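Naming: A, B, ... by sequence-line order, numbering from 1 per chain. The structure displayed is predicted, hence computed values, not measured ones.
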Amino acid sequence: MPWQNNNNGGPWNTGGNRGGKNPWGSGPRGSGGGGSAGGPDLDDLIRKSQQRLKGAVPGGVGGGGIMLILALLALIWIGLTSWYTVKPGEQGVILRFGEYVRTEGTGFHLKLPSPIETALTPNVERQNRIDVGFRSNVNGSADYSRYDNESLMLTGDENIVDVAFTVFWRIGNAEKFLFNIQEPQEQTVKDVAESAMREVIGRRPIRDALTDARDKIQVEVQQIIQDSLDQYDAGISVKEVALEQTTPPEAVIDAFRDVQAAEADRERSINEAKAYSNDVVPRARGEATKMLEEAEAYKESTVAKARGEADRFNQVYDQYKDAKDVTRKRIYLETMEDIMQDMNKIIIDGSAGSGVVPYLPLPEVAAQRSRN
Amino acid sequence: MNVKTIISLIVLGLALFAASLSVYTLPETRQAIVLQFGNPVRTHVEPGLKFKAPWQNVVLLDSRVLNLDVPPEEVTTSDQKRLVVDAFARFQITDALKLYQRVFNENGARDFLSTPIRSQLRETLGKQTFTTLLSAERGSLMEQIRTGANRAARDLGVELVDVRIKRAELPKANSDAIYRRMQTEREQEAREIRAEGEEEKLRIRAEADKQRTVMLARAEENSQKVRGDGDAQAVKIFADAFQRDEEFFGFYRSMQAYRKALR
């Protein structure tokens with residue numbers, strides 16, 4: 001209990017006892033004993049003290065009365081300042097006359113009353129963030145537009161890039177954090193972070209910052225910030241550096257977008273050409289195959305026809321060999337018969353003279369008659 | 001009784017007053033100089049409850065690493081490029097007494113320190129080219145500036161823990177020039193990329209056309225060969241057959257021709 005504590009070590013109380021007049025000088029001791037059982041009630045205590053006072057000084061408030069009031073105020077003061085609580089995530093750092101004495105964990109703790117001991121309770125678990133080049137709003141959106149002086153940086157190939165990033169940090173060592181660097185400590189983190197990012201961006205060409213090397217940049221920047229803070233013995237631990245946005249500056253962003261559009265155009269041209277190629281080559285291959293097949297077919301058919309005709313001739317000839325003249329005449333006559341059968345036949349008499357064309361078109365005449 | 005009480009109270013009060021004058025607390029973040037009639041007699045660095053004579057008074061100075069924001073300084077690099085450099089420094093009071101005598105307090109130190117830092121900035125960066133400044137050597141340059149400025153700082157009882165270039169910017173006119181250059185560079189790049197696309201397109205199309213032409217020509221060649229082969233075979237077959245009796249073949253073939261021709 002605080003009162004007990006006070007009796008053990010507080011210089012104030014001994015002063016009170018030295019006065020010798022204080023009728024309740026032993027009071028806190030008595031109630032303190034009770035307090036170990038259940039905890040003294042402040043009102044109770046005051047009431048009892050007043051009753052004792054009345055018994056001791058019946059004439060009213062005199063010199064002793066003033067002492068009493070002072071003692072009472074002191075007691076209240078002690079009651080209010082001899083303890084502190086450390087919330088989850090916090091550390092209790094205790095200073096005695098400004099000198100660091102101890103660090104306590106979560107929970108309720110006693111201390112000597114102020115101003116002998118004072119307690120500081122920094123939160124060592126909370127993730128703190130510092131935005132550079134933009135400010136995140138409460139609703140989660142981010143404002144990138146108005147912090148150009150923070151976000152525009154020179155790259156190694158003398159271009160300018162717009163970089164926005166966030167540093168997440170925690171208190172790594174509460175004593176160092178509180179005692180080694182000037183408040184506000186955030187300012188130090190921010191200054192160092194900005195410097196580190198510019199240093200890293202300044203070493204690289206703009207392409208790195210815009211595309212490939214973002215991870216490397218984050219790691220390097222984090223390393224530089226941590227090294228610098230360690231150099232100050234700041235007790236700050238940098239958890240993460242997150243690049244929120246790296247873009248070309250507003251003034252030239254259209255040109256950069258056009259490069260991307262050009263890349264898309266290139267891809268499109270190539271794809272079109274590939275499509276053309278994919279269309280033309282198989283067709284040609286088909287056509288070539290067709291030509292070859294036709295040729296094969298021609299060859300096969302030509303050979304087959306030749307073989308057929310030759311076979312026919314051979315067979316006919318085999319027969320012809322045996323009866324040459326008869327067969328020859330027979331073939332001739334059969335052929336003539338066959339040919340002449342379906343023909344219009346016009347017979348011209350050789351002795352008819354040469355003045356007139358000796359021609360009577362009988363079939364035409366017959367046809368004319370049937371039309372009429 | 002009453003008089004006695006009052007007297008004892010007054011004595012007590014005086015004693016307390018005297019005690020309060022001879023005791024002070026020194027926090028972790030401070031260091032103290034004890035002055036006797038304006039003359040420094042000793043310094044306290046360790047925190048805690050400290051004692052002094054009632055007629056002495058105490059000046060508290062910071063013992064932490066302190067911020068110093070150096071105003072932007074225009075620097076001309078060795079290749080005649082102008083640059084606005086915004087730096088900051090961190091310093092710590094190492095000799096409180098010296099500091100008190102020279103510049104009185106931390107703010108005095110800040111005022112005085114900025115001058116050597118700025119001149120070091122101008123001097124060190126003035127020897128470098130613009131690209132070196134951006135390069136990996138930036139760290140060692142900052143170290144040089146710190147070392148240089150530290151000579152002046154130590155004279156004030158102060159140690160520079162760190163000097164860092166926060167921003168190194170081009171003046172407005174120069175950055176506009178950079179923007180224009182960036183823009184034209186990108187335009188070039190975009191044109192080149194588009195042309196590359198066109199190139200690739202033409203190449204692929206030509207390749208396809210070539211393949212087609214070659215393929216068709218080869219097919220033509222082969223098919224002619226095949227046809228010729230067929231014809232040759234046919235010729236041979238006919239010849240073999242008809243050579244048996246050329247005279248009869250003439251007759252037989254004429255008959256066939258009649259059939260075909262006169263029908």
Contact origin within B/R90 toward chain A - heavy atom pairs under 4.5 Å: side chain

Pair B/R244 + A/D318: basic N to acidic O under 4.0 Å: yes

Interface moiety of B/A87 toward chain A, non-hydrogen atoms closer than 4.5 Å: neither

Per-residue contact mode, B/R181 against chain A (heavy atom under 4.5 angstrom): side chain

Atom group of B/L216 that falls short of 4.5 Å from chain A, counting heavy atoms: both

Proximal component of A/A234, with respect to chain B [non-hydrogen, under 4.5 Å]: neither

Most contacts with chain A, counted as non-hydrogen pairs under 4.5 angstrom, among B/T25, B/D240, B/V226: B/V226

Greatest number of heavy atom pairs closer than 4.5 Å to chain A - which of B/G230, B/A217, B/A195, B/G228: B/G230

Structural part of B/E192 lying under 4.5 Å from a heavy atom of chain A: neither

Sidechain N-carboxylate O distance under 4.0 Å for A/D338, B/R259: yes

Residue selection (most heavy-atom pairs with chain A, distance under 4.5 Å) from B/Q233, B/R167, B/K50, B/M215: B/R167

Euclidean distance, B/L49 CG relative to A/E99 CD, rounded to 0.5 Å: 9.5 Å

Side chain, backbone, both or neither of A/I270 within contact of chain B (heavy atoms, under 4.5 Å): both

Heavy-atom closest contact (B/D162 atom, A/S228 atom, distance): OD2-OG, 4.2 Å

Contact leader toward chain B among A/D254, A/D233, A/N149, A/D311, where contacts are heavy-atom pairs under 4.5 Å: A/N149

Centroid-centroid under 6.0 Å between A/F313 and B/F248 rings: yes

Part of B/E220 within contact of chain A (heavy atom distance under 4.5 Å): both

B/L9 CG to A/I66 CD1 distance, which is reported to the nearest 0.5 Å: 6.5 Å

Chain B interface, residue from A/D265, A/L178, A/T302, A/I160 that has the most non-hydrogen pairs under 4.5 Å: A/I160

Which atoms of A/E294 approach chain B - backbone, side chain, both or neither, heavy atom under 4.5 Å: both

Ion pair B/R164/A/E199, N-O distance below 4.0 Å: yes

CD on B/Q92 to CG on A/N180, rounded to 0.5 Å: 7.5 Å

Pick from A/A264, A/P248, A/A310 with the largest number of heavy-atom pairs that fall under 4.5 Å of chain B: A/A310

Salt bridge flag under 4.0 Å for residues A/E158 and B/K81: yes

Taking every non-hydrogen atom, the tightest pair across A/P249 and B/M182: CD-CE, 3.9 Å

CD-CG distance between A/Q187 and B/D69, expressed to the nearest 0.5 angstrom: 7.5 Å

Per-residue contact mode, B/Y252 against chain A (heavy atom under 4.5 angstrom): side chain

Which of A/R96, A/R285, A/E300, A/Q260 touches chain B most, by non-hydrogen pairs under 4.5 Å: A/R285

Test: A/E272 and B/K201 ion pair at under 4.0 Å: yes

Most chain B-contacting option - heavy-atom pairs closer than 4.5 Å, from A/Y100, A/Y232, A/Y332: A/Y232

Ionic contact status for A/D258 with B/R194, cut-off 4.0 Å: yes

Residue among B/Y24, B/F238, B/F249 with most heavy-atom pairs under 4.5 Å to chain A: B/F238

Criterion side-chain contact (heavy atoms from CB on, under 4.5 Å) on B/R138 and A/R198, from CA distance to verdict: CA-CA 10 Å; B/R138 192 158 165 165; A/R198 277 164 198 275; 3.6 Å; yes

Passing candidate, side chain to side chain contact (heavy atoms under 4.5 Å, CB included) with A/I181, options B/V161, B/T29, B/V65: B/V65

From B/I193 atom CD1 to A/S269 atom OG, the distance as rounded to the nearest 0.5 Å: 12.0 Å

Among A/V280, A/V200, A/D191, A/L154, residue most engaged with chain B (heavy-atom pairs, under 4.5 Å): A/D191

Side chain, backbone, both or neither of A/I253 within contact of chain B (heavy atoms, under 4.5 Å): neither

Between CZ on residue A/F256 and CD on residue B/Q183, distance to nearest 0.5 Å: 9.5 Å

Between B/R205, B/E200, B/R212, the one whose heavy-atom pairs under 4.5 Å with chain A are most numerous: B/R205

Interface moiety of B/L66 toward chain A, non-hydrogen atoms closer than 4.5 Å: both

Evaluation steps, side-chain contact (heavy atoms from CB on, under 4.5 Å), between B/Q256 and A/R312: CA-CA 12 Å; B/Q256 278 183 341; A/R312 184 175 168 189; 3.9 Å; yes

Heavy-atom proximity to chain A below 4.5 Å, by part of B/Q211: side chain

Proximal component of A/M336, with respect to chain B [non-hydrogen, under 4.5 Å]: side chain

Criterion side-chain contact (heavy atoms from CB on, under 4.5 Å) on B/V23 and A/F97, from CA distance to verdict: CA-CA 10 Å; B/V23 168; A/F97 292 118; 5.9 Å; no

When B/Q224, B/E187, B/E169, B/E198 are compared by non-hydrogen pairs under 4.5 Å with chain A, the top option: B/E169

